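Right, one structure below, let's go through it.
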Amino acid sequence: MNWLLVVVGAAVGAPLRYLTDRAVQARHDSVFPWGTFVVNAAGSLVLGAVAGASVSSPAYALLGTGLCGALTTYSTFSYETLRLAERGWRFLAVANAAASVLVGLGSVFLGLELARALTA
Amino acid sequence: MTSGADPVGVAEAIDPDVDLHVPAQRAETAGGHKWPVLAAISAGGAVGACARHGATLLWPSPEGTFPWALFWVNVAGCALIGVLMVLVSEGGRTAPALVRPFLGVGVLGGFTTFSTYALDFSGLLEREEAGIALAYAVGTLAGAMGAVWLAASVTRAALNRTAAP
């Protein structure tokens, strides 16, 4: 059962990442990969909230492992950081790596605390 | 932010999911093209997420220990995107329309994950395993960057070798 929920969550999460990335780029033309930055931060916030709400195992499979798992990405983040560095935008590469990790970690903490406060 | 090197190659993707600076990718969702692209991403994402889910079930990490399964999932996914993007995007190379959406955006995007990486880090910190938490956060970043760089470099070298007479 959990496998099916992972499939359903990921089948929504992956295209949601693509569409969000497009929408961010269409509104904000920049070489800095804001689209991926936004989905990783948002997905981390939602996953923190899902974990903080102590949801059931099926709900976690759907929303956590599936949806947030596929909405966020490490592979896209790593390749774009490599390309920024290789194309001469070293500062943007370092800024992307540092900001993505710090904001991702901060988002997860924020999500956890919000959900715990609301469900306490 | 657009100042800097390499204006000539500006039409080569930086963001492998989708880069609107690349005309073909900008047009990817125009009209009826949209649904096959979204379906390919969706299907690929499901495949990738199942592979990740399977890996974490096969090699579970007890709470408070280094999440090795997810570490290797992310490092492997980063190596594979390095190979894929060199083959389908760099140097003027192209691929059939649904290859990058299915394999790159879908399978590898669904396989690797940033949110669980962040959650595992916070879980380690809350268990007062600050050393492991820091090793995991920095180790994954270093492993991912090393993997994508090495895989892309090896793939480019292999292509150059086969292209040479």
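Within every chain, numbering begins at 1; the chains are lettered A, B, ... in the order of the sequence lines, protein sequences first and strands thereafter. Computed from a prediction, not measured in an experiment: that's the story for all the values here.
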Using a cut-off of under 4.5 Å on heavy-atom pairs, state which of A:Ala10, A:Ala70, A:Ser78 scores highest against chain B.
A:Ser78
Go through the atoms of B:Glu126 and report whether side chain, backbone, both or neither lie under 4.5 Å from a heavy atom of chain A.
side chain
Measure B:Leu80 against the heavy atoms of chain A and call it side chain, backbone, both or neither at under 4.5 Å.
neither
Turns out that what part of B:Leu84 lies under 4.5 Å from chain A's heavy atoms comes down to neither
So B:Trp68 and B:Phe71, would you call those rings parallel, tilted or perpendicular, with 30° and 60° as cut-offs?
perpendicular
Would you please indicate yes or no on a ring centroid separation below 6.0 angstrom for B:Phe121 and B:Tyr136?
no
Heavy atoms, side chains only, cut-off 4.5 Å: are A:Val39 and A:Asp21 in contact?
no
When you measure from the side chain of A:Arg27 to the backbone of A:Ala23, do you find a donor-acceptor pair of N or O atoms at a distance under 3.5 Å?
yes
Tell me, out of A:Ala14, A:Gly43, A:Gly69, A:Cys68, who's got the most heavy-atom pairs with chain B below 4.5 Å.
A:Gly69
In terms of heavy-atom pairs under 4.5 Å with chain A, the winner among B:Ala79, B:Gly106, B:Gly110, B:Cys78 is B:Cys78
Check whether any side-chain N or O of B:Thr112 sits under 3.5 Å from a backbone N or O of A:Ser75 as a donor-acceptor pair, and report yes or no.
yes
Atom of B:Phe114, atom of A:Ser44 and distance for their closest heavy-atom approach
CD2-OG, 4.0 Å
Would you name the heavy atoms of B:Asp17 and B:Asp15 that are closest together and state the gap between them?
N-OD1, 2.9 Å
Side chain, backbone, both or neither: which part of B:Ala152 has an atom under 4.5 Å from a heavy atom of chain A?
side chain
I'd like to know which of A:Tyr18, A:Trp3, A:Phe77, A:Tyr74 tops the heavy-atom pair count under 4.5 Å against chain B.
A:Tyr74
Only pairs of heavy atoms separated by less than 4.5 Å count here; which of B:Pro101, B:Gly82, B:Ala46 has the most with chain A?
B:Ala46
With a 4.5 angstrom heavy-atom cut-off, is it the side chain or the backbone of B:Val47 that approaches chain A, or both, or neither?
neither
Shorter than 4.5 Å, heavy atoms on both sides: which option in B:Ile14, B:Leu38, B:Thr29 has the most such pairs with chain A?
B:Ile14
Below 4.5 Å, heavy-atom pairs only: which of B:Leu125, B:Ile81, B:Leu57 has the largest tally toward chain A?
B:Ile81
Look only at the side chain of B:Tyr117 and the backbone of B:Ala137, and say whether a donor-acceptor pair between them is shorter than 3.5 Å.
yes
Determine whether a donor-acceptor pair (N or O, by modelled atom type, separation under 3.5 Å) exists between the side chain of A:Arg116 and the backbone of A:Ala53.
no
Measure distances from B:Thr140 to the heavy atoms of chain A and classify the residue's part below 4.5 Å as side chain, backbone, both or neither.
both
Counting only non-hydrogen atoms closer than 4.5 Å, does A:Ser100 touch chain B with its backbone (N, CA, C, O), its side chain (CB onward), both, or neither?
both
Which bit of A:Tyr79 is near chain B, if near means a heavy-atom gap under 4.5 Å: side chain, backbone, both or neither?
both
Would you mind reporting whether B:Leu159 and B:Arg93 have side-chain heavy atoms less than 4.5 Å apart?
yes
Of the backbone (N, CA, C, O) and the side chain (C-beta and beyond), which part of A:Arg22 lies under 4.5 Å from a heavy atom of chain B, both, or neither?
both
Heavy-atom donor-acceptor pair, B:Glu12 side chain to B:Gly91 backbone, under 3.5 Å:
yes
Looking at B:Ser115, B:Gly45, B:Ser122, which one has more heavy-atom pairs under 4.5 Å with chain A than the rest?
B:Ser115
Heavy atoms of B:Ala40 and B:Leu98 approach each other most closely as CB-CD2, 4.3 Å
Among B:Ala144, B:Gly104, B:Cys50, residue most engaged with chain A (heavy-atom pairs, under 4.5 Å)
B:Cys50
For a 4.5 angstrom cut-off between non-hydrogen side-chain atoms, does B:Val105 reach B:Val18?
no
What part of A:Leu16 is in contact with chain B, defined as an atom under 4.5 angstrom from a non-hydrogen atom: side chain, backbone, both or neither?
neither
Which of the residues A:Val12, A:Leu71, A:Val7 is involved in the greatest number of heavy-atom pairs with chain B at under 4.5 angstrom?
A:Val7
Side chain, backbone, both or neither of A:Ala26 within contact of chain B (heavy atoms, under 4.5 Å)
both
